[in-house]
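Here is the structure we will look at.
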Amino acid sequence: MAGRFPEVRPRRLRRTAALRRLVAQTSVRGADLVLPLFVKEGIPEPVPVASMPGVLQHTRDSLRKAAADAAEAGVGGLILFGIPAVKDGRGSAADAQDGIIQAALRDVAAEVGDDVVIMADLCLCEYTDHGHCGVLTPSGTVDNDATLERYAATAVAQARAGAHVVAPSGMMDGQVAAIRRALDEAGEPDVAICAYAVKYASSFYGPFRDAAEGAPQFGDRASYQQDPSAGDALREAMLDVAEGADIVIVKPALPYLDIVAQVAAAAPVPVAAYQVSGEYAMIEAAAAQGWLDRDRAIMETLTGIKRAGAGIILTYWAAEVAHHL
Ligand code: PBG
């Protein structure tokens with residue numbers, strides 16, 4: 001009746017919620033989750049991000065509250081993105097002592113202290129008028145080594161403003177080594193580096209570019225972000241580990257779960273996955289149409305990312321999910 005082995009019935013362990021809970025192997029904890037937060041200089045009120053329902057560009061005040069709420073909910077960390085009022089070719093606001101990201105880091109550090117990990121995204125794309133992640137050569141390509149100097153200065157500014165962790169996301173070669181050296185020389189040896197090590201040139205960053213106002217004004221990021229069909233994930237991850245990365249990020253998450261699993265198996269440091277803006281927007285949009293069950297879809301994707309091997313997940317749902325766990 002039940003096939004050739006009538007005594008073998010996997011369904012026995014699925015019969016009640018208690019049995020399913022007992023045999024569960026993957027669980028998502030609030031402490032695993034990192035909440036990305038956007039703070040914009042010079043706005044009187046928080047501004048909703050149209051392509052990311054529920055996500056705001058914060059004022060300094062509303063950011064403080066959002067950080068306190070997320071810490072209260074039990075998230076593991078926060079990662080801050082700053083949007084300056086004025087942009088220029090070299091992204092001067094990124095490392096300015098009174099720049100928006102530094103001011104926000106000081107605010108959040110005063111609010112949550114060491115209760116939650118404070119991370120700073122470290123890139124130039126929100127700060128440059130051309131929207132690229134680095135400074136440009138006269139011919140308009142991104143100048144790798146000149147950009148490293150900007151990242152080094154930005155890392156030191158962020159560390160001094162209270163970041164526990166800096167998270168370089170610009171995909172320049174040698175960025176982790178340059179930042180580690182700069183932090184150590186500046187007397188900030190305890191500030192950790194969470195490197196966006198494996199970062200694809202992805203269509204799924206679309207909504208983020210509205211939120212962070214960092215879309216490239218010409219060209220694209222394909223000469224520095226990885227090609228989705230390339231095989232360079234482990235090379236990038238291991239280089240960043242060798243250069244001193246304390247945590248490595250794979251990004252995006254859902255279309256790259258094979259990469260998350262490969263990196264988790266190989267890297268001797270914690271591995272994070274970034275469930276990016278497009279992954280968030282897809283589920284929010286489908287749920288708004290009534291096409292899928294939002295809460296179940298969120299937990300299912302987070303469980304899948306965790307099961308693939310990411311111990312840490314950056315997700316715009318971090319505070320909401322942590323609150324319910
Ligand atoms: C900046 C940066 C991006 C994201 C995080 N840091 C955008 C990009 O590289 O184009 C994307 C995050 C998201 O889509 O949620 N370099």
Side-chain angles (χ1 to χ4, degrees), residues 26-38 70-71 73-81 116-123 133 151 155 158 163-171 175-176 179-180 191-200 202 204-205 208 212 225-226 232-280 298-299 301-322 325:
T26 303
S27 58
V28 177
R29 305 175 310 150
D32 303 329
L33 306 178
V34 175
L35 177 67
L37 289 166
F38 303 102
V75 303
L78 309 169
I79 182 164
L80 305 191
F81 293 86
V116 64
V117 177
I118 304 170
M119 304 174 48
D121 186 82
L122 198 174
C123 195
C133 299
Y151 288 178
Q158 292 177 339
H164 300 118
V165 177
V166 297
S169 61
M171 292 301 284
Q175 63 185 13
V176 174
I179 289 167
R180 183 71 272 155
V191 170
I193 300 176
C194 174
Y196 291 75
V198 184
K199 178 171 174 179
Y200 290 93
S202 173
F204 289 96
Y205 307 149
F208 173 91
Q225 298 181 348
Q226 288 161 258
D232 51 3
L234 282 184
R235 186 182 195 203
E236 283 283 7
M238 298 316 276
L239 257 177
D240 279 11
V241 170
E243 290 180 26
D246 300 287
I247 300 171
V248 292
I249 305 183
V250 174
K251 175 184 172 187
L254 211 52
Y256 299 93
L257 292 183
D258 56 328
I259 305 295
V260 172
Q262 280 175 37
V263 171
V269 297
V271 174
Y274 197 145
Q275 181 175 55
V276 300
S277 57
E279 299 177 65
Y280 176 91
I298 293 169
M299 287 314 297
T301 56
L302 293 175
T303 301
I305 295 164
K306 191 88 194 285
R307 195 181 58 237
I312 301 167
I313 305 173
L314 289 76
T315 173
Y316 299 95
W317 289 302
E320 177 185 335
V321 170
L325 289 174

Atom of Ser277, atom of Tyr316 and distance for their closest heavy-atom approach: N-CE1, 3.6 Å

Would you compute the distance between atom OG of Ser169 and atom CD of Gln175 and round it to the nearest 0.5 angstrom? 7.5 Å

Counting only N and O atoms by type, is there a donor-acceptor contact under 3.5 Å from the side chain of Asp246 to the main-chain atoms of Ile193? yes

For Val321 and Ile298, what are the C-alpha separation, side-chain angles and deciding distance, and is it a side-chain contact (heavy atoms from CB on, under 4.5 Å)? CA-CA 9 Å; Val321 170; Ile298 293 169; 3.8 Å; yes

Work out which heavy atom in Ala70 is nearest to a heavy atom in Leu78; give both atom names and the distance. CB-CD2, 3.7 Å

How long is the straight-line distance from CZ of Arg307 back to CG of Leu257, given to the nearest 0.5 Å? 8.0 Å

Atom CZ in Arg180, atom CG in Asp240: separation rounded to 0.5 Å? 13.0 Å

Could you tell me which non-hydrogen atom of Glu236 sits nearest to which non-hydrogen atom of Ala197, and how far apart they are? CB-O, 3.3 Å

Heavy-atom distance under 4.5 Å between the side chains of Phe81 and Cys123, does that happen here? no

Do the side chains of Arg29 and Asp32 get close enough for a salt bridge, i.e. N-O under 4.0 angstrom? yes

Smallest separation among heavy atoms of Ala273 and Ala310, with atom names: CB-CB, 3.8 Å

Could you give the distance from NZ (Lys306) to CD1 (Ile312), rounded to the nearest 0.5 Å? 10.0 Å

Note: Cys194 and Val165 closest approach over all heavy atoms is CB-CG1, 3.5 Å

Flag this pair as yes if the NZ/CZ of Lys199 is under 6.0 angstrom from the six-membered ring centre of Tyr274 and inside a 45 degree cone about the axis; otherwise no. no

Does Gln226 reach the side chain of Ser202, with side-chain heavy atoms less than 4.5 Å apart? no

Considering only heavy atoms from C-beta outward, does the side chain of Ile259 approach that of Tyr200 to under 4.5 Å? yes

Reported CG-to-CD1 distance for the pair Leu37 and Ile118, which is rounded to 0.5 angstrom: 11.0 Å

Expected output: side-chain Glu243 to main-chain Ile179 donor-acceptor under 3.5 Å: no

Mind listing the closest non-hydrogen atom pair of Ala253 and Glu279 along with its distance? N-OE2, 3.0 Å

With the side chain counted from C-beta on, respond yes when Val34 and Val75 share a heavy-atom pair under 4.5 Å apart, and no when they do not. no

Under 3.5 Å side-chain donor-acceptor pair for Gln275 and Thr301: yes

Checking side chain to side chain contact (heavy atoms under 4.5 Å, CB included) between Met119 and each of Val117, Asp121, Val116, Leu122, which is the one that passes? Val117

Close side-chain approach of Leu33 to Ile313, heavy-atom, < 4.5 Å: yes

For the backbone of Ser27 and the side chain of Thr303, can you confirm whether one donor and one acceptor N or O come within less than 3.5 Å of each other? no

Centroid-centroid distance, Phe208 to Phe38, less than 6.0 Å: yes

